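Notes to accompany the following structure.
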There are 2 protein chains.
Amino acid sequence: MGSPVQRRITIKDVAEMAGVGVATVSRVLSGGSASAETRERVLDAATKLDYRPSALGRNLRQQRSGGIALLVPDITDSFYARLTDGVLSCARSYREPVTIGVTGDDPEQEADLVGALLEQSMDRVIAVPSGDGEMWAPALRAGLSVVFADRRVWRDPAPGQRRVLDEVPAVLADDRAGVRTAVEYLTGLGHRKIGFLARHGQSYRMEAFRAAVGDALDEELVAPARASRDSAYAAAAGLLQRRPDITAVLTGDNMLGEAAVLAARELDVRIPRDLSLVMFDDVPWAELCAPPLTVVAQPAQDIGYRAAELVMRQGRRPRTVTLPTQLIIRGSCGPRR
Amino acid sequence: MGSPVQRRITIKDVAEMAGVGVATVSRVLSGGSASAETRERVLDAATKLDYRPSALGRNLRQQRSGGIALLVPDITDSFYARLTDGVLSCARSYREPVTIGVTGDDPEQEADLVGALLEQSMDRVIAVPSGDGEMWAPALRAGLSVVFADRRVWRDPAPGQRRVLDEVPAVLADDRAGVRTAVEYLTGLGHRKIGFLARHGQSYRMEAFRAAVGDALDEELVAPARASRDSAYAAAAGLLQRRPDITAVLTGDNMLGEAAVLAARELDVRIPRDLSLVMFDDVPWAELCAPPLTVVAQPAQDIGYRAAELVMRQGRRPRTVTLPTQLIIRGSCGPRR
DNA sequence: AATCCTGATGGAATCGTTTCCATGGGAAGT
DNA sequence: ACTTCCCATGGAAACGATTCCATCAGGATT
């Protein structure tokens, strides 16, 4: 019930009330030139009628719907939630709406979402890419401005695509340094058999781990998981059971860290006595955990904020931004026994 | 540089290639009636040209931009992240994009966002309302279909507004039962001085707490906080210091639970020996905490999913949906000493 | 055979904005 | 005084879809 929905106030109404043409109203409202008197009359009419320009009309005319699209693997993951928060907080200052999609780290879903983006004529995208990134080629060709966050795309054999994808700006945490610092810390404590739990999509970290460990690398100690909690737990439990000689583990994100703690408890492996644990990404609960977790902190919110800044500054093509990580030592690591 | 951006394929191109009028193409593509032969020719041309209808054109014509808007207080909060995930997963099945905004539990920001929604001609909104909800009246008048999630609006003195707001469907957790169960559990353990930590916006839970405690209520034991982590910690620490006679605390959400654990540690109040703690909302880390936290679990994801379902079914006005909560007993409560 | 009806079809209007272009007037320069 | 220039201004086109409405063909009915 209630009153019937009211007709929308259009620019035409404002023009009529102010006694000017619609073109003039448009110009005044978008900061074009106009005489002081006209400007005042138009502004007056606009406020009196409580006129709000329709984004629909503008978007169609300009052939692009404003706003920023954000594609993350999993909004439930604290890291991506914080990243999202950063994007939102920057977007707010530009008064741009943010449309969000979750990819589940699945290239197919990602391609789907990119298609939807094109349909919506979104022209600004921030994405955490999952696959080899080939689905981005048509989007780039269609004129979208894309910024990658947290990861770039997998190095890909196809040389043609690669160039265009390498031009996509990216905002990253300094994985390499973060992994190196963590590994050095662990080797400093005497650990030699260090395991690494990673998800697909964390290949950069996995590579950095291989580089940091160097000769001591035992491929069996690198355990990949898929994007779900169950898969994370399975990978963690599997690694600990397969290799009881392991004395330290680094996990590629907080979900895997959680899984490692649970699996260790289940298998009666005590942290840090039997196993030292370093987790990528500092989350609020790391401090509440028993024992408090030593972590490689990443500026998640900042990554999102910077990515949003980049995607808004269409003009100059900025290069990749790398933000520092920080090793925060708490209580989950001890000397090798 | 890459090739120049290509011209968009429009319905006109398809019509030309198929040798029919644009009206026919539109009809075929949106499931209207057409002869089998025409249909095939159109579909053929559409695939051959890789035609994707522009949402912009459609939206303008239909005077509404599709998609769902979602307003939450804080995307960083695990509860709202899971709720968002539920919304996204339902929206995906309708192929509807989701635009998200964070209100910070601040009515002013919320009003701002609602204004932006109107500007975008969004006509489907899911919101966790923060204030007295008066900013929703113009939106409802403009024809938006709104669904509240997790909370309804504060009961408001103004009787005119109230009716229209009470018609807004809502998907809620059963706060009342959840609070009652938790309080009964604690009183069953012998606790008499039970504190309650809540945020603004959790007035329903606060009320439920007052009802559940009944005579034993001591207003000083109810501590409100604002939406930030700092404020949560301040409220928790303040409560524990002000009233050392307190033996149990119920927190209105997981951020306050986290704050309570930290504050207790800081003040050397041991859980569960000196203080029993029940937290609203089950989060993954509740199990990892020392001690593991007893919680009132809420179906966060389900709340989001159901809300999205409701907002998509324009037709029948459904009533409020209340979903059950569940007390999960872990290790953070003990008998009164 | 004339009429009616049904279903397919295409032209044109429409949504609300921005922007191109033509027009007009007033100020400045010769 | 005449030309030139510039700026304010408004009409109209454009964006790409949907949808109303008129038209037309062909079959069924009287």
Side-chain angles (χ1 to χ4, degrees), chain A residues 5-43 45-46 49-67 95 116 118-123 142-143, chain B residues 5-43 45-46 49-67 95 116 118-123 142-143:
Chain A
V5 300
Q6 60 209 3
R7 196 179 61 80
R8 183 173 190 117
I9 306 286
T10 76
I11 201 172
K12 224 168 161 180
D13 300 312
V14 179
E16 200 173 333
M17 185 174 197
V20 299
V22 289
T24 306
V25 176
S26 173
R27 264 188 304 256
V28 168
L29 261 32
S30 49
S33 70
S35 75
E37 195 227 336
T38 311
R39 177 177 307 272
E40 186 174 355
R41 277 224 312 284
V42 168
L43 258 32
L49 291 171
D50 188 32
Y51 166 67
R52 288 156 187 279
S54 154
L56 259 38
R58 182 191 354 240
N59 290 345
L60 176 58
R61 174 60 223 242
Q62 312 206 11
Q63 294 280 72
R64 53 191 215 78
S65 67
R95 310 210 90 239
L118 279 257
E119 222 158 273
Q120 300 286 331
S121 302
M122 301 239 90
D123 60 343
Chain B
V5 300
Q6 60 210 5
R7 197 179 59 81
R8 185 176 188 114
I9 306 285
T10 75
I11 200 173
K12 224 169 159 180
D13 301 312
V14 179
E16 201 172 331
M17 184 174 197
V20 298
V22 290
T24 307
V25 176
S26 173
R27 263 187 305 253
V28 168
L29 260 34
S30 48
S33 71
S35 75
E37 195 227 336
T38 311
R39 175 178 308 270
E40 186 175 355
R41 278 225 311 283
V42 168
L43 259 29
L49 292 170
D50 188 31
Y51 166 68
R52 287 154 189 280
S54 154
L56 260 38
R58 181 194 349 239
N59 289 346
L60 176 58
R61 173 61 222 244
Q62 311 202 343
Q63 294 281 69
R64 55 192 212 78
S65 67
R95 310 208 91 239
L118 276 271
E119 222 157 275
Q120 301 286 331
S121 302
M122 301 239 93
D123 61 342

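A quick note: this is a predicted structure, and the numbers were derived from the prediction, not measured. So that the names make sense, note that chain A is the first sequence line, chain B the second, and so on, each numbered from 1.
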Exercise for the section: Just report the end-to-end axis angle for the helix from C:dA1-D:dT30 to C:dT30-D:dA1, five pairs per end, to 10 degrees. Expected result: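 So the angle between the two local helix axes works out to 50°.
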Problem - salt bridge (Lys or Arg N to Asp or Glu O under 4.0 Å): pairs with one or both residues in residues 9-22 of chain A, sequence neighbours excluded - result: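 Output for this query lists A:Arg7-A:Asp13.
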Find every protein N or O atom lying less than 3.5 Å from an N or O atom of nucleotides 14-17 of chain C, and list the pairs.
| from | atom 1 | to | atom 2 | distance (Å) |
| --- | --- | --- | --- | --- |
| C:dT14 | O2 | B:Arg61 | NH1 | 3.3 |
| C:dC15 | O3' | B:Gln63 | OE1 | 3.0 |
| C:dC15 | O3' | B:Gln63 | NE2 | 2.9 |
| C:dC15 | O2 | B:Arg61 | N | 3.4 |
| C:dG16 | OP1 | B:Gln63 | NE2 | 3.1 |
| C:dG16 | N2 | A:Gly57 | O | 3.2 |
| C:dT17 | OP1 | A:Tyr51 | OH | 2.6 |
| C:dT17 | OP1 | A:Ser54 | N | 2.9 |
| C:dT17 | OP2 | A:Ile11 | N | 2.5 |
| C:dT17 | O5' | A:Tyr51 | OH | 3.4 |

Handout entry: For atom CD of B:Glu16 and atom P of D:dG16, their distance in whole Å
Key =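 So the CD-P distance, B:Glu16 to D:dG16, works out to 14 Å.
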Problem - Value in whole Å for how far the P atom of D:dA8 lies from CD of A:Glu40 - result: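 Going from A:Glu40 (CD) to D:dA8 (P), I get 16 Å.
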What are the atom names and distances for every N/O pair under 3.5 Å that joins the protein to nucleotides 7-9 of chain C?
| from | atom 1 | to | atom 2 | distance (Å) |
| --- | --- | --- | --- | --- |
| C:dA8 | OP2 | B:Ser33 | OG | 3.0 |
| C:dT9 | OP1 | B:Ser35 | OG | 3.2 |
| C:dT9 | OP1 | B:Thr38 | OG1 | 2.3 |
| C:dT9 | OP2 | B:Ser35 | N | 3.2 |
| C:dT9 | OP2 | B:Thr38 | OG1 | 3.2 |

Rounded at 0.5 Å granularity, tell me how far [atom1] in [X] sits from [atom2] in [Y].
| X | Y | atom1 | atom2 | result |
| --- | --- | --- | --- | --- |
| A:Leu56 | B:Met122 | CG | CE | 9.0 Å |
| B:Leu43 | B:Arg41 | CG | CZ | 12.0 Å |
| B:Leu118 | A:Arg52 | CG | CZ | 6.5 Å |
| A:Leu60 | B:Arg58 | CG | CZ | 12.5 Å |

Practice task
With sequence neighbours left out, write down each residue that passes salt bridge (Lys or Arg N to Asp or Glu O under 4.0 Å) with B:Arg95, or none if nothing qualifies.
Solution key: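 A:Asp112.
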Problem - Audit row: B:Arg64, B:Asn59, side-chain contact (heavy atoms from CB on, under 4.5 Å) steps and yes/no - result: CA-CA 5 Å; B:Arg64 55 192 212 78; B:Asn59 289 346; 5.9 Å; no
Handout entry: side-chain contact (heavy atoms from CB on, under 4.5 Å) assessment of A:Ser54 paired with A:Arg8
Key = CA-CA 9 Å; A:Ser54 154; A:Arg8 183 173 190 117; 3.8 Å; yes
Pairs of donor and acceptor atoms involving the side chains of residues 21-35 of chain B, under 3.5 Å and at least two apart or interchain, shall be tabulated with distances.
| from | atom 1 | to | atom 2 | distance (Å) |
| --- | --- | --- | --- | --- |
| B:Ser30 | OG | B:Ser26 | O | 2.6 |
| B:Ser35 | OG | B:Thr38 | N | 3.2 |
| B:Ser35 | OG | B:Thr38 | OG1 | 2.7 |

Problem - Heavy-atom donor-acceptor pair, B:Ser65 side chain to B:Gln120 backbone, under 3.5 Å - result: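 A pair under 3.5 Å: yes.
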